[in-house]
Amino acid sequence: DEFGTSVRFERRLKHSVEKVWSYLTDNEKLTQWFSELKVEDLRLGGRMTFDMQDGNFEEMEITDYRELSVLEYTWGEDRVRFELYPEAEGCRLVLIEKITKITDHTPKDIAGWDVCLDVIEALLEGRTMESRKDVWSAKYEQYVQQFEALP
């Protein structure tokens, strides 16, 4: 396929699929962990928008959608995919970024998604994260090294 690399995150959460899904699809909850991202039309072929913070908005097409189960959308030339699986103690949240081409920006994106998942987990548990930037910086350094080590 056109995507050369995939990065996969997995979190086991002690919350229902319905509750976690709401953090991915309800704009009031989505803005708490990713303020630039917004659901415009939640369906297969629908769209998300990303506020570039300069007056411009990037539109991203929803390329796979199954209620309470799968949400995938374009992310530039890449794809971002969330999957939810019910489990006895709550659910499993999987995030996969399918990357067309690794660039200097890739470790920034991946560290960002990792922190986003930490924030979702904290929000679900009623906690706040003190400094997302500090957490991101530490993760970013690790991802830079991991991407440099790829063949």
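All of these numbers come straight from a predicted model, not from anything done at the bench. Residue numbers count from 1 along this sequence.
K29 and S22 share a donor-acceptor pair across their side chains, judged by distance under 3.5 Å alone. Side-chain contact annotation: T63 with E72, donor-acceptor N/O pair under 3.5 Å present. Counting only N and O atoms by type, the side chains of D114 and Y143 include a donor and acceptor under 3.5 Å apart. A side-chain donor-acceptor contact under 3.5 Å links Y85 and E83.
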For this session: Test L84 against S69 for side chain to side chain contact (heavy atoms under 4.5 Å, CB included), laying out the working first.
Result: CA-CA 5 Å; L84 285 172; S69 176; 5.7 Å; no
Exercise. Stepwise, does the side chain to side chain contact (heavy atoms under 4.5 Å, CB included) test hold for L150 with E148?
Worked result: CA-CA 6 Å; L150 290 176; E148 285 174 352; over 6 Å; no
Exercise. Side chain to side chain contact (heavy atoms under 4.5 Å, CB included) between F57 and M52: does it pass, once the steps are laid out?
Worked result: CA-CA 6 Å; F57 294 83; M52 302 297 286; 6.0 Å; no
For this session: Decide yes or no on side chain to side chain contact (heavy atoms under 4.5 Å, CB included) for V7 and F147, but give the supporting numbers first.
Result: CA-CA 11 Å; V7 176; F147 280 102; 4.0 Å; yes
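Checked against the 6.0 Å centroid criterion, the rings of W113 and W136 do not qualify as a close aromatic pair.
Look at K101 and E77 and you find no salt bridge, because none of the NZ, NE, NH1 or NH2 atoms lies under 4.0 Å from a carboxylate O. D41 and R47 are not joined by a salt bridge, as no carboxylate oxygen comes within less than 4.0 angstrom of a charged side-chain nitrogen.
Looking only at side-chain heavy atoms (C-beta outward), F82 and V94 stay at 4.5 Å or farther from each other.
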